[in-house]
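Keep in mind that what you see is a predicted model, and the values were worked out from it rather than measured. We use all heavy atoms of the structure for the numbers below, so side chains are in, but hydrogens, waters and symmetry mates are not.
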Amino acid sequence: MELDMESMAVSIGVSVPVLRFLLCFAATIPVSSVWRLVPGRLAKNLYAAASGALLSYLSFGFSSNLHFLVPMLLGYASMVLFRRRCGVITFFLGFGYLIGCHVYYMSGDAWKEGGIDATGALMVLTLKVISCAINYNDGLKKEEELTEAQKKNRLIKLPSLIEYFGYCLCCGSHFAGPVFEMKDYLDWTERKGIWSQSEKGLPSPYGATLRAVLQAAFCMALYLYLVPHFPLSRFTDPVFQEWGFWKRLGYQYMCGFTARWKYYFIWSISEASIIISGLGFSGWTESSPPKPQWDRAKNVDILGVELAKSSVQLPLVWNIQVSTWLRHYVYERLVQKGKKPGFFQLLATQTVSAVWHGLYPGYIIFFVQSALMIAGSRVIYRWQQAVPSKMALVKNILVLFNFAYTLLVLNYSCVGFMEPDICQLAADFFSCQSWHEHVPTNIC
């Protein structure tokens with residue numbers, strides 16, 4: 001079996017650990033489909049927890065489940081013992097343990113050497129544990145103190161331990177997301193809310209699942225085609241230094257464009273697994289006849305990313321569920337009552353996102369710079385709004401300028417995300433542009 005795995009890994013150009021992860025990741029689709037056949041609420045929760053733990057064991061080894069238990073048990077204990085402060089306690093304990101794992105494993109280095117560990121899955125699990133604790137904390141507050149999202153997601157009653165474990169590990173969603181709410185998980189397993197029996201019934205997930213699988217296949221095929229043509233290693237190639245500015249800028253854009261298809265593939269697979277389980281269902285459209293929506297599983301809008309007219313739109317179309325989590329559990333909760341959010345809330349949110357991804361300098365630089373990028377787009381948008389309606393041409397020029405600005409800064413900044421190591425990052429950045437070419441991008 002090991003020889004077969006080795007030959008398969010060599011044939012697609014990955015290591016055996018990465019191949020094992022990809023096979024387990026793809027297996028989340030059939031595993032999730034079986035959930036629909038499991039009878040009874042208790043059995044569904046047991047299946048969700050056991051199947052998630054088994055996939056983790058096969059993918060990362062036994063130690064992965066021990067790592068997962070730490071934030072899960074810390075979060076549950078804080079809800080049992082310190083309900084009035086359980087959200088804050090779980091936030092700092094969860095992130096503290098995740099940061100410790102980031103430092104110990106330095107997963108970016110492991111990936112470069114063909115290895116893989118459970119830190120990526122722990123990242124998703126940490127968000128789920130924190131949101132559950134905060135929502136249980138919100139259950140003590142008066143409705144007038146809460147936003148609409150907080151009212152919808154708050155938990156009045158403590159979930160049972162098996163419900164909690166099922167929520168954390170179900171459908172292999174801890175591998176790469178999407179992040180979803182405990183309230184939705186409970187409604188799904190108990191057939192309540194939009195999952196309750198009604199005149200419309202529950203829609204078939206198979207058409208939407210097939211679409212997600214085909215999208216994943218296309219994304220991986222395009223990534224495998226592009227990646228040999230646009231390697232990051234060329235940034236430090238002497239030939240690269242001889243290219244003109246526009247050719248180097250174009251190459252940098254294509255490197256970012258190529259890398260994104262890997263993430264599109266991963267999120268398409270995770271979307272398919274959540275859809276086929278039924279959890280991805282998010283309601284019916286208002287059209288006639290009504291059509292089912294599967295937005296709960298959606299983690300990326302590919303065209304929305306590639307054709308974003310403003311940097312402000314990017315968090316709404318890229319890693320959608322994590323962006324939603326950051327908005328609900330960081331950004332909105334830093335805003336004082338009666339005041340509007342400002343740059344501090346934006347910067348703090350992006351900093352939390354950077355720390356969540358890992359402590360590499362490239363991540364910190366990318367996410368802090370993304371706060372500046374979004375703030376710059378907002379300035380351009382205000383310019384657009386200030387232009388009188390009769391000056392349509394000027395307005396359209398500013399729209400085009402905002403689109404170009406977003407395209408430029410996104411693909412300029414993403415080098416930090418693709419190459420988080422500071423030494424290699426510095427080499428890549430300063431081989432792409434001279435010092436005077438960095439300044440305008442950051443000033444905007």
Side-chain angles (χ1 to χ4, degrees), residues 17-18 21 56 60-61 63-64 66-72 74-75 88-131 174-177 179 232 235 256 259-260 262-263 266 314-315 318-319 321-323 325-327 329-331 334 344-374 410 412-430 442:
V18 172
F21 165 76
S56 298
F60 307 116
S63 63
S64 64
L66 296 180
H67 278 303
F68 298 157
L69 274 175
V70 174
M72 288 164 64
L74 286 173
V88 174
I89 292 171
T90 305
F91 187 96
F92 285 103
L93 288 179
F95 264 98
Y97 187 75
L98 177 62
I99 289 168
C101 289
H102 275 316
V103 172
Y104 182 78
Y105 287 105
M106 296 303 280
S107 302
D109 293 337
W111 270 94
K112 287 181 189 176
E113 295 166 7
I116 193 169
D117 58 57
T119 311
L122 184 63
M123 289 165 60
V124 177
L125 191 71
T126 299
L127 300 188
K128 295 172 82 171
V129 166
I130 291 171
S131 65
H174 59 300
F175 275 17
V179 179
L232 286 174
F235 284 143
R260 287 194 289 276
K262 173 176 63 178
Y263 296 99
I266 291 171
L314 290 174
W318 172 270
N319 208 353
Q321 303 306 329
V322 170
S323 296
W325 188 96
L326 288 166
R327 184 172 73 250
Y329 298 103
V330 182
Y331 186 79
L334 289 175
F344 167 75
Q345 285 78 16
L346 176 61
L347 182 60
T349 302
Q350 294 303 94
T351 302
V352 169
S353 182
V355 171
W356 178 72
H357 279 86
L359 296 183
Y360 282 93
Y363 292 147
I364 306 294
I365 292 169
F366 172 76
F367 284 101
V368 170
Q369 192 169 28
S370 67
L372 298 172
M373 178 174 74
I374 292 170
L410 172 64
Y412 167 88
S413 305
C414 72
V415 174
F417 194 88
M418 294 186 292
E419 185 52 79
D421 178 70
I422 189 64
C423 297
Q424 188 61 46
L425 173 63
D428 290 352
F429 257 125
F430 289 100
N442 287 287

Practice task
For side-chain contact (heavy atoms from CB on, under 4.5 Å), just list the numbers for Leu98 and Trp356, CA-CA rounded to whole Å, side-chain angles, deciding distance to a tenth of an Å, and then say yes or no.
Solution key: CA-CA 8 Å; Leu98 177 62; Trp356 178 72; 3.5 Å; yes
Handout entry: Exercise: identify the closest heavy-atom pair between Leu125 and Pro71
Key = CD2-CG, 4.4 Å
Practice task
Please report the closest heavy-atom contact between Val124 and Gly177, naming both atoms and the distance.
Solution key: CG2-N, 3.8 Å
Exercise for the section: Apply side-chain contact (heavy atoms from CB on, under 4.5 Å) to Thr119 and Tyr104, showing your working. Expected result: CA-CA 10 Å; Thr119 311; Tyr104 182 78; over 6 Å; no
Problem - His357 to His102 - nearest heavy-atom pair and separation - result: O-CE1, 3.4 Å
Completion exercise
Rounded to the nearest 0.5 angstrom, the CG-CG distance for Leu326 and Leu346 is 11.0 Å
Handout entry: Student check: side-chain heavy atoms of Tyr329 and Phe91 closer than 4.5 Å
Key = no
Problem - For the student: nearest non-hydrogen atoms of Ala348 and Leu334, plus distance - result: CB-CD1, 3.6 Å
Exercise for the section: Check whether any side-chain heavy atom of Leu314 sits under 4.5 Å from a side-chain heavy atom of Met373, and report yes or no. Expected result: yes
Completion exercise
So CG of Leu66 and CZ of Phe60: to nearest 0.5 Å the spacing works out to 14.0 Å
Problem - Side-chain heavy-atom pair Phe367, Thr351 within 4.5 angstrom cut-off - result: no
Practice task
Can you label the angle between the His174 ring and the Phe68 ring as parallel, tilted or perpendicular, going by 30° and 60°?
Solution key: perpendicular
Handout entry: Within-4.5 Å side-chain heavy-atom neighbours: Tyr263 and Asn319
Key = no
Fill in the blank from the handout: In short, Ser64 meets Ser56 closest at the heavy-atom pair OG-O, 3.4 Å
Handout entry: Interatomic distance, Tyr331 atom OH to Ser323 atom OG [nearest 0.5 angstrom]
Key = 13.0 Å
Fill in the blank from the handout: The reported gap from OG in Ser370 to CG in Leu347 (rounded to nearest 0.5 angstrom) is 9.0 Å
Practice task
Applying side-chain contact (heavy atoms from CB on, under 4.5 Å), run through Trp325 and Val330 and close with a yes or a no.
Solution key: CA-CA 8 Å; Trp325 188 96; Val330 182; 3.9 Å; yes
Exercise for the section: Quick one: closest heavy-atom pair of Ala176 and Ile266, and the distance? Expected result: CB-CG2, 3.5 Å
Practice task
Find the distance between CE (Met72) and OG1 (Thr90) and round it off to the nearest 0.5 Å.
Solution key: 13.0 Å
Fill in the blank from the handout: CD1 of Ile89 to CD1 of Ile130, rounded to nearest 0.5 Å, is 12.5 Å
Handout entry: Worked check of side-chain contact (heavy atoms from CB on, under 4.5 Å) between Leu122 and Tyr97
Key = CA-CA 10 Å; Leu122 184 63; Tyr97 187 75; 4.0 Å; yes
